[in-house]
2 protein chains.
Amino acid sequence: MTVLFSRKCEYALQGILYLAEKQYEGNISAEQIATDLNISRDFISKTLQSLVKDGIIQSHRGKSGGFSLAKDPDSMSLLDIVLIIDGNSVFESCVLGLPTCGAESPCPVHEKWGPIREASRKMLENTTVAQFQPVTGSV
Amino acid sequence: MTVLFSRKCEYALQGILYLAEKQYEGNISAEQIATDLNISRDFISKTLQSLVKDGIIQSHRGKSGGFSLAKDPDSMSLLDIVLIIDGNSVFESCVLGLPTCGAESPCPVHEKWGPIREASRKMLENTTVAQFQPVTGSV
DNA sequence: TTTAATTCGGACTATATACTCCGATTATGA
DNA sequence: TCATAATCGGAGTATATAGTCCGAATTAAA
Ligand code: SF4
Ligand code: SF4
């Protein structure tokens, strides 16, 4: 079902993007995020808690509490979020998983796969959360 | 742990590649394949059975039985094996899993991700099992 | 000060994937 | 014909991921 990243990672991306969209609206409750993104409240909540631990977003308990960005969305790349949740094994390991391989005895696809993997990494690295914001602008 | 394809799919690729290497040695037992590839015998056996069902390899029971290729390795692409085991959802779905998306309202990475996905698909499609054979040649 | 709204954190269940076990079946060859 | 060597197939276990539940801590506001 999941494709390249874990489901949790996909939710984290969606959650961050959503928070960026509402960045001037103060704390957003897990309840509201869950409703709008159509994800289980408890699960998106747990997922966002991981991001809080990493410091990329903030959380506040109590009445009118919720989640909000802790950084400028301009300085947040998609890669940041992926690395927090899934780590960088996706970009290190080989697709084929052949036993005896590596740069010293490369298989026929080695030179082809490297650039593809690098391209997807660069794509995520060069795409900031801010770039996803619709033209609605501030206020 | 797995990266792009399932573990089973990785084993299938390894198994096919191994059989191609030994294509002139008749039936190869699951036992031998498992030993040489360092995979559990029962699991590689089950995995190869899936490939037998699809007709890409053959199997023979009984004494001196085992597995062998059913087609010319020249006409077997890596993509064939991937599709048998994991299907083509990897090449259809989006990495980000955003809810409201698609070509009609593309997100900022849409135009970048498409070509990357297509490149990996083409790479697998254009790489035949035969290309993996070392220069040991026949006999 | 009380109430309501919220995150936090731990423990729990569900599901998919990975992997194992074993008996039945099939074939070879002594 | 009989022993041996192998796949086949079904059922089982293990582990990781996905997702749920709930009570405690926290905070804002009535
Ligand atoms: S040689 Fe490179 S591409 Fe081929 S299996 Fe190894 S790491 Fe992967
Ligand atoms: S618009 Fe394209 S790249 Fe963006 S989330 Fe949707 S399918 Fe993926």
Side-chain angles (χ1 to χ4, degrees), chain A residues 1-15 19 22 25-35 37-70 82 84-87 89-90 97, chain B residues 1-15 19 22 25-35 37-70 82 85-87 89-90 93 97:
Chain A
M1 204 86 169
T2 69
V3 177
L4 193 53
F5 310 121
S6 66
R7 187 74 62 88
K8 191 176 175 187
C9 185
E10 291 181 356
Y11 289 169
L13 286 165
Q14 295 183 29
L19 286 178
K22 309 247 177 190
E25 302 182 20
N27 294 325
I28 314 285
S29 72
E31 183 70 43
Q32 186 184 339
I33 301 172
T35 304
L37 295 181
N38 199 30
I39 303 176
S40 139
R41 181 180 65 90
D42 282 329
F43 196 56
I44 188 68
S45 178
K46 273 241 180 300
T47 303
L48 291 177
Q49 280 170 32
S50 307
L51 298 177
V52 169
K53 264 194 204 105
D54 196 84
I56 202 170
I57 69 176
Q58 299 169 328
S59 68
H60 291 281
R61 290 185 177 185
K63 195 156 187 171
S64 78
F67 298 90
S68 64
L69 296 187
V82 169
I84 292 170
I85 304 290
D86 280 356
S89 63
V90 190
Chain B
M1 204 86 168
T2 68
V3 177
L4 192 54
F5 309 121
S6 66
R7 187 72 63 85
K8 191 176 175 186
C9 185
E10 292 181 356
Y11 289 169
L13 286 166
Q14 295 182 30
L19 286 178
K22 309 247 178 192
E25 304 183 19
N27 294 324
I28 314 285
S29 73
E31 183 70 44
Q32 185 183 340
I33 301 173
T35 304
L37 295 181
N38 199 30
I39 303 175
S40 136
R41 181 179 66 92
D42 281 330
F43 195 55
I44 188 68
S45 178
K46 275 240 178 300
T47 303
L48 292 177
Q49 280 168 32
S50 308
L51 298 178
V52 168
K53 262 193 204 106
D54 196 86
I56 202 171
I57 68 175
Q58 300 168 328
S59 68
H60 291 280
R61 290 186 177 184
K63 196 159 186 171
S64 79
F67 298 90
S68 63
L69 295 187
V82 169
I85 304 289
D86 280 356
S89 62
V90 190
S93 319

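A, B, ... follow the sequence lines: proteins, then strands. Residue 1 opens every chain. This is a predicted model, so every value here is computed, not measured.
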| Sugar-phosphate or base contact per nucleotide [nucleotides 4-11 of chain C; S, B, -; heavy atom under 4.0 Å] | -BBBBBBB
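- For residues 46-55 of chain B, there are no salt bridge (charged side-chain N to carboxylate O under 4.0 Å, His left out) pairs, not counting sequence neighbours.
- Going from atom CG of B:Asn27 over to atom P of C:dA27 covers 12 Å, rounded to whole Å.
- Between A:Ile33 and A:Leu19 there is a side-chain heavy-atom pair separated by less than 4.5 Å.
- Between A:Tyr11 and D:dA18, a side-chain N or O to OP1/OP2 separation shorter than 4.0 Å is absent.
- Going from atom CZ of B:Phe43 over to atom P of C:dC22 covers 18 Å, rounded to whole Å.
- As rounded to whole Å, 14 Å separates atom P of C:dA27 from atom CD of B:Gln58.
- Straight-line distance from the CD1 atom of B:Ile44 to the P atom of C:dC21: 17 Å, rounded to whole Å.
- Taking the side-chain contact (heavy atoms from CB on, under 4.5 Å) definition, one finds that A:Thr35 meets it with A:Glu31, sequence neighbours left out.
- In this structure, the CD1 atom of B:Ile33 is 11 Å from the C1' atom of D:dT7, given to the nearest Å.
- Partners of A:Ser29 according to the side-chain hydrogen bond (donor to acceptor under 3.5 Å, both in side chains) rule, which considers only residues two or more places apart in sequence or in another chain, do not exist here.
- With sequence neighbours excluded, the residues forming a side-chain hydrogen bond (donor to acceptor under 3.5 Å, both in side chains) with A:Asp86 are A:Ser6, listed by chain and number.
- The salt bridge (Lys or Arg N to Asp or Glu O under 4.0 Å) test applied to B:Arg61 returns no partner, not counting sequence neighbours.
- Using a 4.0 Å cut-off, no side-chain N or O of B:Arg7 falls inside it from OP1 or OP2 of C:dT17.
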